[in-house]
Amino acid sequence: MKIVSIYPHPMDDQYRHDHNVTMIKNKEIYSYEEAKLKGSKNDDASSFPIRSIFMGFKQLKITPRNIDFWVFPTPSKKINYKIYKFFFVDFFKSTSEKNLKRFLKEKVIFVKHHEAHVYTGFFSSNFEQSDIISIDGGGDMGDERRMLWGNINNKNRKLFKKYGETFNSAGLGVGAYHNHLTDLLGFYDNNGKTSGLASYGKLNKKLYKNLKKLFIYNWSKNNIKFSNKRSKSNERFSEIKIHNFEAKKYLKTSPVKSELSIICKNFKPQDIAKTGEILLQDLTIEMIGKFFKNSKAKNLICVGGLFNNVALNNFISKKSGYKKTFFSMSPGDSGLSLGMALYLKKMKGKIKSNLSNGECGINPFLGPSFNEKEIEEILINSKIKYKKINLYKKLNSIIVNKIIKGKIVGLFRDRAEFGPRSLGARSILADPRNIKSKHRVNQFIKRRDWFMPYAPSVIDENFKDYFGHQGKSQYMQLTQKVSKKFLKIAPAACHVDGTSRSQIVIKKNNHKYHDLIKKFGDKTGCYSLLNTSFNRHGIATISSPKQAIEHLLDGTVEILILNNFIIELENNRKLHKRFKNEIYLSEKSLLKKFEKNF
């Protein structure tokens, strides 16, 4: 069976984000995000993820003519027949005009937005039965809900049993609250920055009480409503930077004046973030308790964009009362095409049990790959000096020695990760033992906000030694309190609040990366590497060898690994000494600077 699943609907007029594609060819899966292939974090203005579609055809060696089913999200309106004709007959040549009506009836399937979230979470997990909740900012125009919850069971014919739902007409919810809080702090909609800054703050009980007054509770209707009147913002077209273009930054000013901004006036930004995050955690747990109060399920799956928040996820895993919880590799809209495709495969009787090959979920390496011939041709055409090491274990030994010497390494190898985290296929790596690694990567390599933490990749065999019996994730979807041992051996991978957003590396899912970390551990005693996404600040994770080379020459990394090829910056570009005036500034002084500018 061959399936193509696309989000958003390419023929429906909606201004959507997180465009993505999934293709299934029998047991093979390809899933990827258009933004990574375009090099833009926000792909809102595009309606057709053509790059990710074509890369899927290439990866799985299939063509539009032999696709059995096409899956789309439920559209906001009936699609004009002529548009379908252009898409399937004229452009993809999937069928003839004569057979189009029958083709549309038999081969085109629709799945609602929040059901797609549900199926992404469920089929990515190793659960056969679970309670499940989906929360985001408000679905899309074809499914105008912001919450859906129920129970899902592989043995049931209908699969998902709905317990309840909340529509956008009921008002804003907790997802919108977190977005407004992020906007208030000047981060637009980058909610991860709010969570990162919160680690430097303290809970303010007065602020907590006042923030809670912005919510109206109606548990009889399973609703919690957030109210925050905001003023209009101004455009900033004079500040456009085309090399890391994000439309939202130029269409509005962040922050805007609001009820929320009045409440938070005179409080420190880090305390606003901390207090706001704690309120979010408390509200989410309260909802889960109310919605599933009569449930006897032992498992809980959380999906939707809200659950990209790893601190929230960790709080839920500890406080929800469920024996096991699961957070998928792509809980937001970027994972919807995968859920739609797997749902169809299940309904056609092709999935007997979930696709996970272990307790930590489905293998996340579902993106595109490049062969040696393609890469070498790019290197030659770019006039790059390089070496080829055929044996990956020998290459890993070289990489380990470079990292020990303090080099920043860009790793671009095999199939790319699906989802927002880099997990050892498109990653920037550094030595976690040296606290200067974090400062170097933050201020000169990534050039991002100083308060954002970096994640450690830890091989599965050593996780318990470093984090005990805490929850673990191969997708970096949970945080853990670090042990004294880990804090001592890997200070650069530990956040200011004594936590770490670790990634466990499972040998059968990525044996090359596992071998790299093990070799590093055998030499240093630290079975972990500092890992962050392979991209400069402001753009999406890179997706092509050409982009990797450009990042190397731009100084984003010092050593580049492209499959079996190793390229060094100093052999390909005349280097100037890096600026040293800020690299050793303490976080305390940087925090004071941030407070002053808030």
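If you read the sequence from its start, that first residue is 1, and numbering goes on from there. Note that the coordinates shown come from a computational prediction; the quantities given were computed from them, not determined experimentally. Side-chain atoms are counted along with the backbone in the values below, which use heavy atoms only and exclude waters and symmetry mates.
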>> Show, in sequence, the C-alpha distance, side-chain angles and deciding distance for Q547 and N535, and conclude whether the side-chain contact (heavy atoms from CB on, under 4.5 Å) test is met.
In response: CA-CA 9 Å; Q547 285 178 305; N535 60 285; over 6 Å; no
> What do you reckon, is NZ of K25 surrounded by more than 12 foreign heavy atoms closer than 6.0 Å?
Replying inline: yes
>> For H19 and F48, I'd like to know if the aromatic rings sit close, meaning centre-to-centre distance below 6.0 Å.
In response: no
>> Pairing donors with acceptors under 3.5 angstrom, does anything connect the side chains of S52 and E33?
In response: no
>> With ring-ring contact (aromatic ring centres under 6.0 Å, His included) as the criterion, how do W149 and F291 come out once you've worked through the C-alpha distance, each side chain's angles and the decisive distance to 0.1 Å?
In response: CA-CA 8 Å; W149 61 96; F291 296 163; 3.8 Å; yes
> Would H113 and Y7 satisfy ring-ring contact (aromatic ring centres under 6.0 Å, His included), going step by step from the backbone distance to the final call?
Replying inline: CA-CA 9 Å; H113 183 106; Y7 184 86; 5.7 Å; yes
> Is the gap between the ring centers of F88 and F103 under 6.0 Å?
Replying inline: yes
>> Using side-chain contact (heavy atoms from CB on, under 4.5 Å), reason through E28 and L366 one step at a time and then give a plain yes or no.
In response: CA-CA 9 Å; E28 293 182 81; L366 304 176; over 6 Å; no
>> What verdict does the side-chain hydrogen bond (donor to acceptor under 3.5 Å, both in side chains) test give for N299 and Q129, after you've listed the backbone C-alpha separation in whole Å, the side-chain angles of each residue and the deciding distance to 0.1 Å?
In response: CA-CA 7 Å; N299 304 321; Q129 183 272 339; 4.9 Å; no
> What distance separates I380 CD1 from I375 CD1, expressed to the nearest 0.5 Å?
Replying inline: 12.0 Å
>> Quick one, D12 with S76, criterion side-chain hydrogen bond (donor to acceptor under 3.5 Å, both in side chains). Give me CA distance, side-chain angles, the key distance, then yes/no.
In response: CA-CA 7 Å; D12 192 18; S76 60; 2.9 Å; yes
>> Between E417 and K36, does any NZ, NE, NH1 or NH2 come within less than 4.0 Å of an OD or OE carboxylate oxygen?
In response: no
> What distance do L562 atom CG and F370 atom CZ have between them, rounded to the nearest 0.5 Å?
Replying inline: 10.0 Å
>> Is it the case that the side chains of N20 and S337 hold a donor-acceptor pair, with the cut-off being a distance below 3.5 Å and no angle test?
In response: yes
> Please walk me through it: do F365 and Y513 pass ring-ring contact (aromatic ring centres under 6.0 Å, His included)?
Replying inline: CA-CA 12 Å; F365 302 100; Y513 192 40; 8.2 Å; no
> Under 3.5 Å, is there a donor-acceptor pair between the D333 and H117 side chains?
Replying inline: yes
>> Under a 3.5 Å cutoff, is there a donor and acceptor pairing between the side chains of N151 and D131?
In response: yes
> Are Y84 and I79 close enough that some pair of their side-chain heavy atoms sits under 4.5 Å apart?
Replying inline: yes
>> Around atom NZ of K512, are there more than 12 heavy atoms from other residues, nucleotides or ligands closer than 6.0 Å?
In response: yes
> Will you find, in the side chains of S31 and T22, an N or O donor that is under 3.5 Å from an N or O acceptor?
Replying inline: yes
>> To check you understand the geometry: which heavy-atom pair defines the closest contact between M340 and P73, and what is its length?
In response: SD-N, 3.5 Å
>> Between R536 and E550, is the salt bridge (Lys or Arg N to Asp or Glu O under 4.0 Å) condition met? List the steps.
In response: CA-CA 11 Å; R536 68 175 185 270; E550 290 169 353; over 6 Å; no
> Between F122 and N153, is a side-chain contact (heavy atoms from CB on, under 4.5 Å) present by the stated rule, with each step listed?
Replying inline: CA-CA 9 Å; F122 182 60; N153 192 326; over 6 Å; no
>> Between K507 and D460, is the salt bridge (Lys or Arg N to Asp or Glu O under 4.0 Å) condition met? List the steps.
In response: CA-CA 8 Å; K507 187 175 182 179; D460 194 23; over 6 Å; no
> R421 side chain to T532 main-chain N or O, any donor-acceptor pair under 3.5 Å?
Replying inline: no
>> How close do Q477 and S328 get, counting heavy atoms only, and between which atoms?
In response: NE2-O, 3.0 Å
> Using 30° and 60° as the class limits, which term best fits the ring planes of F110 and F72: parallel, tilted or perpendicular?
Replying inline: tilted
>> Donor-acceptor check, side chain of K345 to backbone of N26, threshold 3.5 angstrom: yes or no?
In response: yes
> Do you know which two heavy atoms are closest between G361 and F326, and how far apart they sit?
Replying inline: CA-CE1, 3.9 Å
> To the nearest 0.5 Å, how far apart are OH in Y343 and CE in M347?
Replying inline: 5.0 Å
> Does a donor on one side chain and an acceptor on the other come within less than 3.5 Å for E376 and Y386?
Replying inline: yes
>> Go through it in stages, so that I can follow the logic: the residues are E106 and R102, the test is salt bridge (Lys or Arg N to Asp or Glu O under 4.0 Å), and I'd like the CA-CA distance, side-chain angles, deciding distance and then a yes or no.
In response: CA-CA 6 Å; E106 296 179 355; R102 182 179 177 183; 3.2 Å; yes
>> Salt bridge check, K107 against D68: does any charged N sit closer than 4.0 Å to a carboxylate O?
In response: no
> Around atom NZ of K162, are there more than 12 heavy atoms of other residues, nucleotides or ligands at under 6.0 Å?
Replying inline: no
> Atom CD1 in I428, atom NE2 in H551: separation rounded to 0.5 Å?
Replying inline: 7.0 Å
> How far apart are the closest heavy atoms of A170 and T166, and which atoms are they?
Replying inline: CB-CG2, 4.1 Å
> Have N191 and N179 got a donor and an acceptor in their side chains that come within less than 3.5 Å?
Replying inline: yes
>> Quick check: closest heavy atoms across F412 and A548, and the distance to 0.1 Å?
In response: CD1-CB, 4.2 Å
> Between N531 and S422, what is the shortest heavy-atom contact and its length?
Replying inline: ND2-O, 3.0 Å
> Under 3.5 Å, is there a donor-acceptor pair linking the side chains of R146 and N223?
Replying inline: yes
> Are there more than 12 heavy atoms of other residues, nucleotides or ligands under 6.0 Å from atom CD of E374?
Replying inline: yes
> Given T182 and T194, is the side-chain hydrogen bond (donor to acceptor under 3.5 Å, both in side chains) satisfied, shown in steps?
Replying inline: CA-CA 6 Å; T182 298; T194 302; 2.8 Å; yes
>> As an exercise, state the distance from CD1 of I549 to CG of L553, rounded to the nearest 0.5 Å.
In response: 7.5 Å
>> side-chain contact (heavy atoms from CB on, under 4.5 Å), that's the test. Do D140 and H17 meet it? Break it down for me.
In response: CA-CA 10 Å; D140 58 32; H17 54 86; over 6 Å; no
>> Is the shortest side-chain heavy-atom distance between V174 and F226 below 4.5 Å?
In response: no
>> Is the distance from the ring center of F92 to that of W70 below 6.0 Å?
In response: yes
>> Walk me through whether Q59 and S369 qualify under side-chain hydrogen bond (donor to acceptor under 3.5 Å, both in side chains).
In response: CA-CA 7 Å; Q59 185 69 39; S369 62; 3.2 Å; yes
>> Just by distance, no angles: are the side chains of D515 and N396 close enough, under 3.5 Å, to form a donor-acceptor pair?
In response: yes
> Is it the case that N154 and E128 place a side-chain donor and acceptor less than 3.5 Å from each other?
Replying inline: yes
> Just by distance, do the side chain of Q503 and the backbone of L423 share a donor-acceptor pair under 3.5 Å?
Replying inline: yes
> If you draw a 6.0 Å radius around NZ in K101, do more than 12 non-hydrogen atoms from other residues or ligands fall strictly inside?
Replying inline: no
>> Side chains of Y475 and S330, heavy atoms from C-beta outward: is any pair under 4.5 Å?
In response: no
